[in-house]
2 protein chains.
Amino acid sequence: MADPEPACPIAPVVDIVFSRWTTPILWALHEYGRQRFVELARRISTITPKVLTQRLRQLERDGMITRTYHPEVPPRVEYEITELGRSLAPLFAELAEWGAAHLDAVQRAREAYDADPTRP
Amino acid sequence: MADPEPACPIAPVVDIVFSRWTTPILWALHEYGRQRFVELARRISTITPKVLTQRLRQLERDGMITRTYHPEVPPRVEYEITELGRSLAPLFAELAEWGAAHLDAVQRAREAYDADPTRP
DNA sequence: CGGTATCCTTTACGATACTG
DNA sequence: CAGTATCGTAAAGGATACCG
């Protein structure tokens, strides 16, 4: 896969951290601490186990979270955010602030755009 | 499309701003100012005109950029980032900083993960 | 409990050609 | 120049069922 824009320094970061499900997963682990697989699944209620596994593996590979397997019956697996993952916290806070401040403006822009009848 | 995680406040922001091409487009407009279609296309060298048009329309609809059509021959269309789009600037700067500081750690994590032979 | 396996749909993206 | 049209591909995601 070719680099979208070599001169854009944040494209690689986006690739690692921001997809449909990685963001909610990292948020949940950051916000509510170490959690089991099923806890995450319940919190992110619309995700399927297959996709949850896929994203967790990717985040683990990228060093953003750790996976700890406890060989009990029934098995217990815990996920936790790493220092590297936690280093995103201020960024996440700013993103949340931006959303709170500007999401309604985006919504209004959409309505204005869609309402314009001169747009074919 | 169901909301990925209603309780995750940054998911909607990610949906608007961070996709493979929207980030480089916004970055280019923020960094180099008002530009024509073909200038953007050249700067983001690997994007195709179809996809560039699609992302530009979406960003315009979301109020992040403006499109100005000058009815000349040959036609001239200029894209410019809006105030709303510009409000992302500090966020982009922080993301770039995060990348500069931590991208190598991600790379090392990947290598360590891939090199572990006990992972089936 | 913590996943896999299988199959399917959606969506973004891409290649190429063409037009007002 | 600034797109549009029409293909096709590929990756993400979803539904459902099943397993150690």
Side-chain angles (χ1 to χ4, degrees), chain A residues 1-5 8 11 14-26 28-29 34-62 65-80 118-120, chain B residues 1-5 8 11 14-26 28-29 34-62 65-80 118-120:
Chain A
M1 182 158 53
D3 209 346
E5 169 49 344
C8 177
V14 170
D15 208 46
I16 292 163
V17 179
F18 300 117
S19 82
R20 172 157 194 196
W21 295 115
T22 49
T23 308
I25 291 171
L26 284 173
L29 289 174
R34 182 174 60 244
Q35 284 165 80
R36 308 173 62 159
F37 184 90
V38 72
E39 293 181 277
L40 279 170
R42 282 183 193 132
R43 214 180 289 279
I44 309 169
S45 55
T46 56
I47 198 171
T48 59
K50 191 197 75 169
V51 174
L52 180 55
T53 302
Q54 287 174 343
R55 300 287 71 118
L56 285 171
R57 291 286 187 279
Q58 178 198 315
L59 288 169
E60 188 193 1
R61 186 172 105 99
D62 288 346
I65 64 173
T66 58
R67 174 184 184 272
T68 312
Y69 177 77
H70 304 273
E72 311 164 351
V73 261
R76 186 163 55 94
V77 176
E78 290 187 310
Y79 292 93
E80 189 169 15
T118 71
R119 221 180 311 268
Chain B
M1 181 158 50
D3 209 347
E5 168 50 346
C8 176
V14 171
D15 207 45
I16 292 163
V17 180
F18 300 117
S19 83
R20 174 159 190 192
W21 295 115
T22 50
T23 309
I25 290 170
L26 284 173
L29 288 175
R34 183 174 59 244
Q35 283 165 81
R36 309 174 62 158
F37 184 89
V38 71
E39 292 181 279
L40 279 169
R42 282 183 193 132
R43 215 181 289 281
I44 310 168
S45 55
T46 56
I47 199 171
T48 60
K50 191 196 75 169
V51 174
L52 179 55
T53 302
Q54 287 174 343
R55 301 295 100 222
L56 285 171
R57 291 287 187 279
Q58 178 198 314
L59 288 170
E60 187 193 1
R61 185 172 106 98
D62 289 347
I65 65 174
T66 57
R67 174 183 184 272
T68 310
Y69 176 77
H70 304 273
E72 311 165 353
V73 261
R76 185 163 56 95
V77 175
E78 290 186 309
Y79 293 93
E80 189 169 15
T118 71
R119 219 180 314 266

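Sequence lines set the chain letters: A, B, ... in the order given, protein chains first and strands last, and positions in each chain run from 1.
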Requested in this report: Please step through side chain to side chain contact (heavy atoms under 4.5 Å, CB included) for the pair Leu40(B) and Leu29(B), ending with a clear verdict.
Outcome: CA-CA 8 Å; Leu40(B) 279 169; Leu29(B) 288 175; 4.0 Å; yes
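- If you check residues 65-75 of chain B against DNA chain C, the residues with a heavy atom closer than 4.0 Å are Pro75(B), listed by number.
- Here Arg55(B) does not reach the OP1 or OP2 of dG14(C): none of its side-chain N or O atoms lies under 4.0 Å away.
- Put simply, CG on Asp15(A) is 13 Å from P on dA11(D), counting in whole angstrom units.
- Positionally, the nearest nucleotide of DNA chain D for Glu78(B) lies more toward the 5' end than for the other of Glu78(B) and Ser19(A).
- Counted by atom type alone, Gln58(B) and Arg55(B) present one or more donor-acceptor pairs between their side chains at under 3.5 Å.
- A straight line from CG of Leu52(B) to P of dA2(D) spans 10 Å, rounded to a whole angstrom.
- Separating the CD atom of Glu39(B) from the P atom of dA2(D) is a distance of 8 Å, rounded to the nearest angstrom.
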Query raised in the report: Can you list the steps and then say if Ile65(A) with Glu80(A) is a side chain to side chain contact (heavy atoms under 4.5 Å, CB included)?
Result: CA-CA 5 Å; Ile65(A) 64 173; Glu80(A) 189 169 15; over 6 Å; no
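- For dT11(C), neither phosphate oxygen OP1 nor OP2 lies less than 4.0 angstrom from any side-chain nitrogen or oxygen of Trp21(B).
- Between the CG atom of Leu59(B) and the C1' atom of dA12(C) there is a distance of 15 Å, rounded to whole Å.
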**Report entry** Check against side chain to side chain contact (heavy atoms under 4.5 Å, CB included), Val17(A) and Val14(B)
**Finding:** CA-CA 10 Å; Val17(A) 179; Val14(B) 171; over 6 Å; no
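- Using a cut-off of 4.0 Å between Lys/Arg side-chain N and Asp/Glu carboxylate O, Glu78(A) and Arg34(A) are scored as salt-bridged.
- Counting only distance, with no hydrogens or angles, the side chain of Ser45(B) and the backbone of Arg42(B) share no donor-acceptor pair below 3.5 Å.
- In this structure, Arg76(A) does not reach the dG2(C) phosphate: none of its side-chain N or O atoms is under 4.0 Å from OP1 or OP2.
- Aromatic ring pairs are classed by plane angle as parallel below 30°, tilted from 30° to 60° and perpendicular above 60°; the pair Tyr79(A) and Phe37(A) is tilted.
- In this structure, CD1 of Ile25(A) is placed 13 Å from C1' of dA12(D), rounded to the nearest angstrom.
- Atom CG in Leu40(B) sits roughly 14 Å away from atom P in dC1(D) (whole-Å rounding).
- Put simply, Tyr79(A) has no side-chain N or O that comes within less than 4.0 Å of OP1 or OP2 on dC1(C).
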Return the polar atom pairs (N/O with N/O) between nucleotides 4-10 of chain C and the protein under 3.5 Å, or none.
residue, atom, partner, partner atom, Å
dT4(C), OP1, Arg57(A), NH2, 3.2

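- Proximity of a side-chain donor or acceptor of Thr23(A) to a complementary backbone N or O of Ala11(B) within less than 3.5 Å is not detected.
- Phosphate proximity of dG14(C) to Arg20(B): present, with a side-chain N or O under 4.0 Å from OP1 or OP2.
- Distance Gln54(B) CD to dC13(C) P: 8 Å, rounded to the nearest Å.
- In this entry the distance linking CD1 of Ile47(B) with P of dT16(C) reads 17 Å, nearest Å.
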Requested in this report: Report the C-alpha distance between Trp21(B) and Thr46(B) in whole Å, list the side-chain angles of each, state the deciding distance to 0.1 Å, and finish with yes or no for side chain to side chain contact (heavy atoms under 4.5 Å, CB included).
Outcome: CA-CA 10 Å; Trp21(B) 295 115; Thr46(B) 56; 3.3 Å; yes
